[in-house]
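Throughout, a chain's letter reflects where its sequence line sits, starting with A, and its residues are numbered from 1.
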Number of protein chains: 2
Amino acid sequence: MPLKVRKNRGPKPPQECALTECMTIIGGAWTTNVIWSLRAGPRRFSELKIDIPPISPKVLTQRLRELEERGVISRQVKPTSPPSVEYSLTELGAELIPAIEAIVNVGYKLKHEGRMPNIQPQAAE
Amino acid sequence: MPLKVRKNRGPKPPQECALTECMTIIGGAWTTNVIWSLRAGPRRFSELKIDIPPISPKVLTQRLRELEERGVISRQVKPTSPPSVEYSLTELGAELIPAIEAIVNVGYKLKHEGRMPNIQPQAAE
DNA sequence: TATATCAAGTTTACAATAGAAACCATAATC
DNA sequence: GATTATGGTTTCTATTGTAAACTTGATATA
């Protein structure tokens with residue numbers, strides 16, 4: 001007797017899946033870090049680079065451009081010398097903070113309990 | 001006068017950053033969908049494939065192996081015929097649910113308000 | 001005057017990850 | 001004997017990410 005596929009409140013077409021769409025916004029490399037860095041106010045390119053040491057300038061530029069295009073952040077050039085560029089969260093961006101906060105919270109909890117899984121490169125067999 | 005770098009509760013070394021580490025666990029393609037699908041109970045490979053139509057079997061296998069190695073899910077072979085394999089969340093996996101739920105919630109909110117940014121491939125210049 | 005520094009990125013080359021499609025072994029059913 | 005179901009694997013290609021060097025314009029320093 002073939003096994004039955006059990007119900008699981010699904011499936012839904014992928015373009016209607018709120019989780020999938022939201023992950024498309026925040027899922028790129030370092031995206032959550034960038035948004036998190038902006039939570040307390042505007043921040044310059046070089047400040048973001050300092051907040052997130054492992055990010056390369058290329059990827060930081062990519063993330064900032066995408067987030068701007070999607071309305072999550074805004075970019076403002078300031079007439080300082082040399083001219084500087086400030087990035088800040090839009091209203092839409094601010095709405096993402098609770099979700100990222102929830103991730104940060106599990107992270108802290110797992111670390112403090114010593115239950116954060118070690119992430120080491122898969123042993124290539 | 002050179003611009004000052006403003007304080008931002010940081011930087012912290014990347015290996016101590018709870019957000020970065022947590023994103024390493026849930027950040028791979030379709031990872032959150034897999035965990036979300038398992039929230040209500042165990043699920044077989046082919047059921048997960050149905051829950052998440054766009055995922056390829058290759059990537060599904062990859063995600064399941066990684067999540068198992070990191071202690072997020074467990075894998076159990078059942079002596080049915082043909083033999084089937086059930087995946088379920090561990091206690092650690094269950095702790096990730098609130099974070100993913102928060103993402104789902106923003107997603108729903110943005111969709112219902114019609115404020116979900118359209119994700120279309122960047123116009124290649 | 002020559003050199004160095006800072007901001008905000010580009011550019012190039014390479015590695016890792018993801019997607020698409022075809023394929024496979026076993027067992028049972030048509 | 002062919003088909004279906006399960007739980008994958010394999011191969012090829014495309015996209016994404018990493019690393020490191022380089023650029024532009026302006027001011028600051030020796």
Side-chain angles (χ1 to χ4, degrees), chain A residues 1-6 14 20 23-34 37 42-68 73 75-88 119-125, chain B residues 1-6 14 20 23-34 37 42-68 73 75-88 119-125:
Chain A
M1 185 179 28
L3 299 172
K4 265 200 211 162
V5 172
R6 295 162 293 190
T20 302
M23 283 307 291
T24 304
I25 300 175
I26 66 167
W30 309 111
T31 306
T32 53
N33 298 78
V34 170
S37 262
R43 211 95 177 108
R44 282 182 283 120
F45 188 92
S46 48
E47 292 174 317
L48 291 169
K49 188 71 198 62
I50 290 169
D51 292 342
I52 314 165
I55 201 176
S56 69
K58 180 190 151 191
V59 169
L60 180 52
T61 302
Q62 268 175 23
R63 283 306 88 86
L64 292 169
R65 297 287 178 274
E66 286 168 13
L67 289 172
E68 193 190 357
I73 65 174
R75 178 181 189 272
Q76 202 184 352
V77 181
K78 298 264 165 170
T80 53
S81 82
S84 58
V85 179
E86 250 185 24
Y87 295 93
S88 41
I119 316 290
Q120 47 225 26
Q122 209 91 346
E125 182 58 25
Chain B
M1 184 177 34
L3 300 173
K4 267 201 212 163
V5 172
R6 294 162 294 190
T20 303
M23 284 306 291
T24 304
I25 300 175
I26 65 167
W30 307 112
T31 306
T32 53
N33 298 77
V34 170
S37 262
R43 211 95 178 108
R44 283 182 283 122
F45 188 93
S46 48
E47 293 174 316
L48 291 168
K49 188 72 199 60
I50 290 168
D51 292 342
I52 314 165
I55 200 175
S56 69
K58 178 192 146 188
V59 170
L60 180 52
T61 302
Q62 269 175 23
R63 283 306 88 85
L64 292 169
R65 297 286 178 274
E66 286 168 13
L67 290 172
E68 194 190 357
I73 65 174
R75 179 180 190 273
Q76 201 183 352
V77 181
K78 298 264 165 172
T80 52
S81 83
S84 59
V85 179
E86 250 184 27
Y87 295 93
S88 42
I119 315 289
Q120 47 226 26
Q122 209 89 346
E125 181 58 24

Please pick, from [options], the nucleotide with the shortest atom-to-atom distance to any side-chain atom of [X].
X	options	result
A:Lys58	C:dT11, D:dG8, D:dT6	C:dT11
A:Ser46	D:dT18, C:dG9, C:dA7	C:dA7
B:Phe45	D:dG25, C:dA8, D:dG7	D:dG7
B:Arg63	C:dC6, C:dA18, D:dG8	C:dA18
B:Pro57	D:dT9, D:dA5, C:dA18	D:dT9
B:Ser81	D:dT9, C:dA27, C:dT10	C:dA27
B:Arg75	D:dG17, D:dG8, D:dT6	D:dG8

Step by step, work out the side chain to side chain donor-acceptor pair (under 3.5 Å) result for B:Arg43 and B:Tyr87. CA-CA 5 Å; B:Arg43 211 95 178 108; B:Tyr87 295 93; over 6 Å; no
Atom-pair distance ([atom1] on [X]; [atom2] on [N]), nearest Å:
X	N	atom1	atom2	result
B:Arg43	D:dG7	CZ	C1'	15 Å
A:Arg44	C:dG9	CZ	P	12 Å
A:Ile50	C:dA7	CD1	C1'	11 Å
B:Arg65	C:dT17	CZ	C1'	17 Å
A:Lys49	D:dT18	NZ	C1'	11 Å
A:Asn33	D:dT18	CG	P	11 Å
B:Lys78	C:dA27	NZ	P	20 Å
A:Ile55	C:dA8	CD1	C1'	14 Å

Is A:Val85 touching bases, backbone alone, or none of the nucleic acid, heavy atoms closer than 4.0 Å? sugar-phosphate
Taking the side chain as C-beta and beyond, is there a heavy-atom pair between A:Arg75 and A:Glu86 under 4.5 Å? no
Does [X] reach the main-chain N or O of [Y] with its side chain, forming a donor-acceptor pair under 3.5 Å?
X	Y	value
A:Glu47	A:Arg44	yes
A:Thr31	A:Gly28	yes
B:Lys49	B:Pro53	yes

Per nearest nucleotide of DNA chain D, the residue lying toward the 5' end, A:Pro83 or B:Tyr87, is B:Tyr87
Report yes if at least one side-chain N or O of B:Gln62 is closer than 4.0 Å to OP1 or OP2 of C:dA18; otherwise report no. yes
